[in-house]
Novice: 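This is the structure I have questions about; it appears just below.
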Protein chains: 2
Amino acid sequence: MSIGIRRRADERRRMTVGMKGIRRLAQHLDISIGTVSRALNGKPDVNEETRKRVLEAATELGYVPNQSGRSLRQGTTNIIGFMMQTGTEITGQGDIFFMSVFDGVQAVFARHKLDLVALLCSSQEDPNDYLRRVVARGFADGLILSATQRDDPRIEFLAERNIPFVTLGRSLTDAGQPWLDLDFEGMAQASIDRLVARGHRRIAITRPHDDVNLGYIFVDRCRRALAAHGLTLEEDLIFRSTPNEAGGYQIARDLLALEEPPTAIVLINETIAIGFYQALSEAGVKPGRDIAVIGRYSPHAHFLSPPLTCFRLSLRDLGIALAETLLSAMPAFKDHYPDAPANKVWPMELVEGESDSFLVPQH
Amino acid sequence: MSIGIRRRADERRRMTVGMKGIRRLAQHLDISIGTVSRALNGKPDVNEETRKRVLEAATELGYVPNQSGRSLRQGTTNIIGFMMQTGTEITGQGDIFFMSVFDGVQAVFARHKLDLVALLCSSQEDPNDYLRRVVARGFADGLILSATQRDDPRIEFLAERNIPFVTLGRSLTDAGQPWLDLDFEGMAQASIDRLVARGHRRIAITRPHDDVNLGYIFVDRCRRALAAHGLTLEEDLIFRSTPNEAGGYQIARDLLALEEPPTAIVLINETIAIGFYQALSEAGVKPGRDIAVIGRYSPHAHFLSPPLTCFRLSLRDLGIALAETLLSAMPAFKDHYPDAPANKVWPMELVEGESDSFLVPQH
DNA sequence: CATAGTTCCGTAAACGTTTACGGTAGCCAA
DNA sequence: TTGGCTACCGTAAACGTTTACGGAACTATG
């Protein structure tokens, strides 16, 4: 080792005292920041001995690479955003719906060192503005959109900018984007067929907020399924409400107040069954005896009395599929998921309860 | 305008075609990037005429400043992270719980152009590792921690690094950090007093996962409250379970199987009441008649039959308080919140139902 | 006319990384 | 000795912003 080198090292140490980040680490080890970076990132051009020293020093000094610096240079953040709206009850997905989906998404992302964050759009802010503000900044490498609307400007916005994304829910806006959706058509068809087979002729349904596309899909399919049996979907048997317990309560009250109440109903949201049951109970009407009820699975559905006949799906698997579909749309990962479907209607499984187990006497 | 300037402008335009970001905007307007930046950020040293031009061009070209570049320079991200765990059911607090809290937090953050994102720690990963990995990168300017543990290493970690944060939930780990917590002591005291006043002597309680501190707080206060009435908290009347519907179901089964069941129970989690009610119902035991039940408010509680006597709080207000307490710990904002409390026990309000409305006959 | 002050703008450094490029030392073969 | 190869490392540019600094043009004041 020449004197020249040693002097330079001493000089560097003196000049860099109090430095931060990778420079501090380099100074501490008396090597260049380039080598430190390569060592930390597993690049080949570095002696295994020095790599070991670097890694040890990194944990010792508690060094963590700065996110902004890294992503500024690389143009990538290793972050995927899941956009969702807070405060509102537009989606009506309660309890641990999202938590379970997240769990599946993360199971896939963990393989690629990707982090999932939830981008929380306030109910006070327009989702499109939010998207522009937060996302177009280069915040995330990819996006998962929930609460997809029937016409959703976010889709065009992202497609134009070539930001990889997948939507949870179909939209009329078509930019060739990947999407996953629950099989509300299958649910509609199976529910109607099942109820008609048991003799029901006056069948009511619920529909969610006008913005969300699933309402149209569901209502339309119900109408067609009924038509196939020679029946019509009557307009006053389509109930709207907030997608929560109180909404379900109100629906039952309205339904019972009808001159000629329906003998069956299909509930599109998860949580409304609770309020619906309660209002029936107060009126002395029992599901499965006086009226047939079909709904969606939720952790409570199992504990309703009588047990709710409902459609269930694995939210964790849905999350996995969402992640794989998104990654297959990202150049950096697409090779890992050659046969992830770009669009998929996710099936739901019928869980037989007792809430629809009676036959309507035929006249 | 001199020829020199015009030539330079032409040259710049030619050289910068295809540029991105603020450079592209500057080139388009034929002014320097410094001026563009000042104009966009509302700095004083810029002509109002040019500022107007810049803003117009920005929206026209859809320019959004790059997050990494900005925060690299400023050392600030304008992002606050709310750390929560996915997939697990440790807290037993579902989506609705957090959504409502978020809504309050955002109401405050909106005033300061701060964005809230949820940092989702996978159930597969240790929360401490997660914190180091994601947060120490300089990802967020401040943090809100949920699912605070009895001994929580995250607190020391953040305190050492001077990262502003507030925890939702007390911890034994004390680094002088701000925290907010629900008043489980008040709930314990009021519940016990209420039940004892109605003649109950054998009172059961539930407790959550051992990691979370509230279990200790709650159990301890119940014990002391009982002692004040000359009663003891029997060990086999302390029930543990997963904090969900199924857990509540199991508790009821276990409770009814006791040789001498208690005449009252206090449920610490929100969702367990549903399963608890169901198991009682199956056994022909009616809350409010055969056993007294006190629980926590949830949107379902109102629709249980008979209505659950429970403790409620405004989650939105809690979110507001969380935000204000956090901001008062951040140098850049503390002046706005001079009297936000650093620590606060958040009160809960008793909602009288019918689930505990009976008197135990005295012997 | 000289000076000082104001208004506005351009220049360039800085933030913390990653990485293309070049260079040195050692080794081996011709 | 020369040349080439390998293994490793240092240098410096680049990513997209913000901002301290200085300077030009103009106005006001003496």
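By convention in this document, chain letters (A, B, ...) are assigned in the order of the sequence lines, proteins followed by strands, and residues within each chain are numbered from 1.
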Novice: Please state whether the phosphate of C:dT18, meaning OP1 or OP2, lies under 4.0 angstrom from any side-chain nitrogen or oxygen of A:K43.
Specialist: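 For C:dT18, neither OP1 nor OP2 has a side-chain N or O of A:K43 closer than 4.0 Å.
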Novice: So that I can tick it off, tell me whether A:R154 and A:D152 are bridged by a salt bridge, with the cut-off set at under 4.0 angstrom between side-chain N and carboxylate O.
Specialist: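 Answer for the salt bridge query: yes.
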Novice: Write down the distance between CD1 (A:I22) and C1' (C:dT18), rounded to a whole number of angstrom.
Specialist: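 Between C1' of C:dT18 and CD1 of A:I22: 8 Å.
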Novice: What is the distance from CD1 of A:I31 to P of D:dA7, rounded to the nearest Å?
Specialist: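 Answer to the nearest Å: 19 Å.
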Novice: Choose from D:dT19, D:dC9, D:dA14 the nucleotide whose nearest atom is closest to any side-chain atom of A:N47.
Specialist: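 For the A:N47 side chain, the nearest candidate turns out to be D:dC9.
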Novice: Taking NZ from A:K52 and P from D:dC8, how many angstroms apart are they, rounded to a whole number?
Specialist: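 Interatomic distance, NZ of A:K52 to P of D:dC8: 15 Å.
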Novice: In whole angstrom, what separates B:N41's CG from D:dA20's P?
Specialist: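 Taking atom P of D:dA20 as the reference, CG of B:N41 is at 12 Å.
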Novice: Between D:dG10, C:dG16, D:dT17, which nucleotide has the shortest distance from any of its atoms to the side chain of B:P65?
Specialist: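 Of the candidates, D:dT17 comes closest.
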Novice: Give, for atom CD of B:E324 and atom CZ of B:F109, the distance between the pair rounded to the nearest 0.5 Å.
Specialist: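 Nearest 0.5 Å value for the CD-CZ distance: 10.0 Å.
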Novice: Taking for each residue the nucleotide of DNA chain D bearing the nearest heavy atom, is the 5' side occupied by A:P44 or by B:L40?
Specialist: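 Per heavy-atom nearest nucleotide, the more 5' residue is A:P44.
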Novice: At under 4.0 Å between heavy atoms, what does A:D45 touch on the DNA or RNA strands: base, sugar-phosphate, or nothing?
Specialist: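 Base, at least one base atom sits under 4.0 Å.
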Novice: Quick one: is A:S32 getting a side-chain N or O under 4.0 Å of the D:dG10 phosphate, OP1 or OP2?
Specialist: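 Yes, A:S32 has a side-chain N/O under 4.0 Å of OP1/OP2 on D:dG10.
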Novice: Would the base of C:dT18 count as contacting A:R73 through its side chain, where contact means a donor and an acceptor less than 3.5 Å apart?
Specialist: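 Counting by modelled atom types and ignoring angles, a donor-acceptor contact under 3.5 Å is found here.
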Novice: Strictly below 4.0 Å: does B:R70 bring a side-chain N or O up to OP1 or OP2 of D:dG16?
Specialist: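 Answer no for this pair, as no side-chain N or O of B:R70 is under 4.0 Å from OP1 or OP2.
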Novice: With no hydrogens and no angle check, is any side-chain donor or acceptor of B:R53 less than 3.5 Å from a backbone partner on B:L29?
Specialist: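 Checked: pair present.
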Novice: How long is the straight-line distance from CZ of A:F82 back to CG of B:L120, given to the nearest 0.5 Å?
Specialist: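 One gets 9.5 Å once the value is rounded to the nearest 0.5 Å.
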Novice: Look up atom CG in B:L61 and atom NE2 in B:H28, then write down how far apart they are to the nearest 0.5 Å.
Specialist: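 B:L61 atom CG to B:H28 atom NE2 measures 5.0 Å (nearest 0.5 Å).
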Novice: B:Q27 has an atom CD; how far is it from atom P of D:dT17, in whole Å?
Specialist: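 Answer to the nearest Å: 14 Å.
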Novice: Taking atom CZ of A:R38 and atom CZ of A:R51, what is their separation to the nearest 0.5 Å?
Specialist: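 Answer for the CZ-CZ pair, A:R38 versus A:R51, is 10.0 Å.
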Novice: Take B:G69 and B:R51, find for each the nucleotide of DNA chain C with the closest heavy atom, and name the residue whose nucleotide sits nearer the 5' end.
Specialist: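 Going by which nucleotide is closer to the 5' end, it is B:R51.
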Novice: Separation of A:D30 atom CG from D:dG10 atom C1', in whole Å?
Specialist: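 It works out to 12 Å between those atoms.
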Novice: When you check the phosphate oxygens OP1 and OP2 of C:dT18, does a side-chain N or O of A:S37 lie under 4.0 Å from one of them?
Specialist: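 Yes, A:S37 has a side-chain N/O under 4.0 Å of OP1/OP2 on C:dT18.
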Novice: Tell me: CG of A:L72 to P of C:dG16, nearest whole Å?
Specialist: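 In whole Å, C:dG16 P and A:L72 CG are 12 Å from each other.
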Novice: Contact class for B:T50 vs. all strands (heavy atom < 4.0 Å): base, sugar-phosphate, or nothing?
Specialist: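 Sugar-phosphate, backbone atoms only, no base.
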Novice: Return the value, rounded to whole Å, for the distance between atom CZ of B:F139 and atom P of C:dG16.
Specialist: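 The answer, rounded to whole Å, is 18 Å.
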Novice: Whether the side chain of B:R38 and the base of C:dG10 hold a donor-acceptor pair under 3.5 Å is what I'd like checked.
Specialist: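 Such a pair exists between side chain and base.
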Novice: Look at B:Q74 and C:dA14 and indicate whether a side-chain polar atom (N or O) is within less than 4.0 Å of OP1 or OP2.
Specialist: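 B:Q74 to C:dA14 OP1/OP2: no side-chain N or O under 4.0 Å.
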Novice: Could you tell me whether A:G34 contacts a base, only the sugar-phosphate backbone, or nothing, with contacts defined as non-hydrogen atoms closer than 4.0 Å?
Specialist: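 Base, at least one base atom sits under 4.0 Å.
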Novice: For C:dC15, take OP1 and OP2 only and decide whether either is under 4.0 Å from a side-chain N or O of A:N66.
Specialist: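 Answer is no, no contact under 4.0 Å.
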Novice: Heavy atoms from C-beta onward define the side chain here; which of D:dC9, D:dG16, C:dA12 lies closest to that of B:I33?
Specialist: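 Side chain of B:I33 sits closest to C:dA12.
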